S.K.: 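Before we start, here is the structure in question, set down as structure tokens.
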Amino acid sequence: MVSPKVQEALAKAQENPVIGYKTLLNSLDDFSPPEARSTDLKAITDDLFAASHGVVTTKAVLSDLINVLTNSQNHESWIDVGTHIVRAISSTPSLSSSLVDQASALRELIATAHETNEDFLAAAKILAEIPLDSSQRRVSDREKAKIWIRIVRNHLEEDDSTTAETYLNKLKNVMHKVGDADPEMMLHFKLSAARIQDSNRQFLQAASSYHDISFSPSIAEEERLHTLSMAIKCAVLAPAGPLRSRALGRLHKDERSAGLEEYGILEKMFFDRLLSSDEVEKFAQSLAPHQLAKTSDGSTVLARAVVEHNLLSAGRLYTNIGFDELGLLLGLDGDKAEETTAKMIEQGRLTGSIDQIDRIIYFEMAEASGEHGSGHTTAQVGKEIRRWDINVQALAEDVERVTDLLQAEFPDFVATQIAV
């Protein structure tokens, strides 16, 4: 219920609206008790729009009303009263086009309250309602970037990387104009881009982005180490191959990595050592939910990364290996081990060949280039098979040479033996 003193003050305010409303709002503590403050502010709003005072008066009073609401530091009131005022503006077509700035300020205030309450989706939605490309309102590139970066970050808090990426793409069009003048905004932009790459399982790009951010002097040492940790996690989760090896190499050379929990698995992967299930399980406990999501074949991103890594490691240990033996090493059945190997060879992430008749995989020592199809050997046979071919040819030539020598020295003996 509206406070009696506020009702009385509103009646008097009609005589001189600008002074009357201003006096009421400046002395609101004397007229309205704290428990009735939201109700009274909404009553003032309703009275203002019902009286049809015109654009100039309404805009002046509304600005004072927004200042009072902002200074209250009551987040619940920001949402309740702010939403009420925005609706009042929207439902008054004759004034709404002239009160765009006030409505935008209120939406930012409401969004801040939602962010404080960790209702990030509601914050993103209210910010998205702010007109940034309207002909009725000139908005600088910096102001656009501020709103869009908040929307991106709120959607990322809700793990909605798809919508976040939509607004990040809008940001890309203006960041080159405002980034240099606002290093903090540029940092948020880069971090958001890294998080989107991470969420979209673009782990190699995310690892590089996180690693670059970890050198930023604009963030605290603890945050720099956290982003370095994220870079290592993404590099570990990336598809095995020469590109990931280079990413692991950069992170392994970073002296700060040795002090992180992830260093153990980073070092093993960098040196192509086999990973045990205990090490993998421990590492999995530090991953975010999207990094443990299932892939199309039902395995997790981590499980796939570990299988591919151990397959590369097996290629360092063995010249050739049977399907079933490799499957036992990778924790897969023989056919799945062959399928995984064939895929990596086809994608240029592993060099070697497959003998499907004898069910043997032959590894090549040559470094894979990472280019599609480059993992196949030239003759499509393994090194061992080629060596056998060369040895058999050499043996046949030696036998022929001996036969010729015997024919020259002991023709009768040769003729007798050939006859036999």
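FYI, the numbering just counts along the sequence from 1. Just so we're clear, the structure is a prediction, and the values are computed from it rather than from any experiment. Worth knowing before you read on, the calculation uses all heavy atoms, side chains too, and leaves out hydrogens, waters and symmetry mates.
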S.K.: Can you confirm whether the side chains of Asn26 and Thr23 place a donor and an acceptor under 3.5 Å from each other?
M.R.: no
S.K.: Is there a donor-acceptor pair under 3.5 Å between the side chain of Ser72 and the backbone N or O of Leu69?
M.R.: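 Yes; judged by distance alone, with no hydrogens or angles, the pair exists.
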S.K.: Strictly distance-based, threshold 3.5 Å: is any side-chain N or O of Thr227 a donor or acceptor partner for the main-chain N or O of Glu223?
M.R.: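 Such a contact is found between Thr227 side chain and Glu223 backbone.
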S.K.: Measuring only between side-chain heavy atoms, which start at C-beta, is Glu262 closer than 4.5 Å to Leu266?
M.R.: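 They are not in side-chain contact.
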S.K.: Tell me the closest heavy-atom pair linking Gly82 and Ile110, and the distance in Å.
M.R.: C-CD1, 3.4 Å
S.K.: If you count the non-hydrogen atoms of other residues, nucleotides and ligands that lie under 6.0 Å from NZ in Lys268, is the total more than 12?
M.R.: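 Enclosed: over 12 neighbouring heavy atoms sit under 6.0 Å from NZ of Lys268.
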S.K.: When you compare the side chains of Thr162 and Glu165, does any donor N or O come within less than 3.5 Å of an acceptor on the partner?
M.R.: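 No - no donor-acceptor pair under 3.5 Å links their side chains.
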S.K.: Quick one, Ile213 and Ile219 - any side-chain contact, counting heavy atoms below 4.5 Å?
M.R.: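 Counting from C-beta outward, Ile213 and Ile219 do come under 4.5 Å.
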S.K.: If we ignore angles and hydrogens, is there a donor and acceptor under 3.5 Å between the side chains of Asp198 and Gln291?
M.R.: yes
S.K.: Regarding Lys190 and Asp212, does a basic nitrogen lie under 4.0 Å from an acidic carboxylate oxygen?
M.R.: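 No salt bridge links Lys190 with Asp212.
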S.K.: His252 vs Phe271 aromatic rings, parallel, tilted or perpendicular, using cut-offs 30° and 60°?
M.R.: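 If you compare the ring of His252 with that of Phe271, the planes turn out perpendicular.
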S.K.: Are Ser214 and Arg256 linked by a side-chain donor-acceptor pair shorter than 3.5 Å?
M.R.: yes
S.K.: Just checking, any donor-acceptor pair under 3.5 angstrom between side chains of Asp46 and His84?
M.R.: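 Yes, side-chain donor-acceptor contact under 3.5 Å.
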S.K.: Less than 4.5 Å apart, any side-chain heavy atom of Ile151 and any of His155?
M.R.: yes
S.K.: Could you tell me if Ser96 and Ser90 have a donor-acceptor pair between their side chains, going purely by distance under 3.5 Å?
M.R.: no
S.K.: Measure from the side-chain N and O atoms of Ser27 to the backbone N and O of Asp30, and report whether any donor-acceptor pair falls under 3.5 Å.
M.R.: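 Not at all, since once roles are kept as given, no pair shorter than 3.5 Å links the two residues.
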S.K.: Does the Thr351 side chain pair with the main chain of Glu364, one donor and one acceptor, at a distance under 3.5 Å?
M.R.: yes
S.K.: Is the number of heavy atoms from other residues, nucleotides or ligands under 6.0 Å of Glu281 CD greater than 12?
M.R.: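 No, because the 6.0 Å sphere around CD of Glu281 holds 12 heavy atoms or fewer from other groups.
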S.K.: Mind running side chain to side chain contact (heavy atoms under 4.5 Å, CB included) on Arg304 and Glu308 for me, showing each step along the way?
M.R.: CA-CA 6 Å; Arg304 183 183 63 187; Glu308 292 180 351; 3.8 Å; yes
S.K.: Can you name the nearest heavy-atom pair linking Leu48 to Leu62, along with the distance?
M.R.: CD2-N, 4.3 Å
S.K.: Under 4.5 Å between any side-chain heavy atoms of Leu24 and Leu10, yes or no?
M.R.: yes
S.K.: Just by distance, with hydrogens left out, do Arg107 and Thr83 show a side-chain donor and acceptor under 3.5 Å apart?
M.R.: no
S.K.: Less than 3.5 Å apart, any donor N or O on the side chain of His211 or Asp254 sitting next to an acceptor on the other?
M.R.: yes
S.K.: Any heavy-atom pair between the side chains of Arg37 and Asp29 that's under 4.5 Å?
M.R.: yes
S.K.: Kindly check if the number of other-residue, nucleotide or ligand heavy atoms within 6.0 Å of CD (Glu261) is above 12?
M.R.: no
S.K.: Can Asp47 and Tyr21 be said to form a side chain to side chain contact (heavy atoms under 4.5 Å, CB included), step by step?
M.R.: CA-CA 10 Å; Asp47 186 82; Tyr21 283 116; 2.4 Å; yes
S.K.: Return the minimal non-hydrogen interatomic distance between Ala305 and Met269, and the atom names on each side.
M.R.: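 That closest heavy-atom pairing would be O-CE, 4.5 Å.
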S.K.: Between Arg244 and His309, is any side-chain donor less than 3.5 angstrom from a side-chain acceptor?
M.R.: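 Distance-only check passes for Arg244 and His309.
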S.K.: Does any N or O in the side chain of Thr92 come within less than 3.5 Å of the main-chain N or O of Leu95, such that one atom is a donor and the other an acceptor?
M.R.: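 No, because the side chain of Thr92 does not come within donor-acceptor range (under 3.5 Å) of the backbone of Leu95.
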S.K.: Salt-bridge test for Glu339 and Lys343: reply yes if a basic N is under 4.0 Å from a carboxylate O, no otherwise.
M.R.: no
S.K.: More than 12 heavy atoms of other residues, nucleotides or ligands under 6.0 Å from NZ of Lys5: yes or no?
M.R.: no
S.K.: Hey, are the side chains of Leu326 and Leu330 touching, using non-hydrogen atoms and a 4.5 Å cut-off?
M.R.: yes
S.K.: Tell me, with the steps shown, if Asn67 and Thr70 meet side-chain hydrogen bond (donor to acceptor under 3.5 Å, both in side chains).
M.R.: CA-CA 5 Å; Asn67 288 335; Thr70 303; 5.4 Å; no
S.K.: Is there a side-chain contact between Ser218 and Glu184, using heavy atoms and a 4.5 Å cut-off?
M.R.: no
S.K.: Will you find, in the side chains of Ser209 and Gln197, an N or O donor that is under 3.5 Å from an N or O acceptor?
M.R.: yes
S.K.: Any chance the side chains of Ser161 and Asn200 put a donor and an acceptor closer than 3.5 Å?
M.R.: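 The answer is yes; a qualifying pair exists.
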S.K.: Consider salt bridge (Lys or Arg N to Asp or Glu O under 4.0 Å). Of Lys170, Lys177, Lys146, which one does Asp141 pass it with?
M.R.: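 Exactly one option meets the salt bridge (Lys or Arg N to Asp or Glu O under 4.0 Å) with Asp141, and it is Lys177.
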S.K.: So, does Asn117 use its side chain to make a donor-acceptor pair with the main chain of Asp119 at under 3.5 Å?
M.R.: no
S.K.: Start with the C-alpha gap between Glu221 and Arg224, add the side-chain angles, then the distance that decides, and say whether salt bridge (Lys or Arg N to Asp or Glu O under 4.0 Å) holds.
M.R.: CA-CA 5 Å; Glu221 178 65 18; Arg224 288 199 291 269; 2.6 Å; yes
S.K.: Thinking salt bridges, do Glu157 and Arg195 make one under a 4.0 Å N-O criterion?
M.R.: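 Result for this pair is yes, salt bridge flagged.
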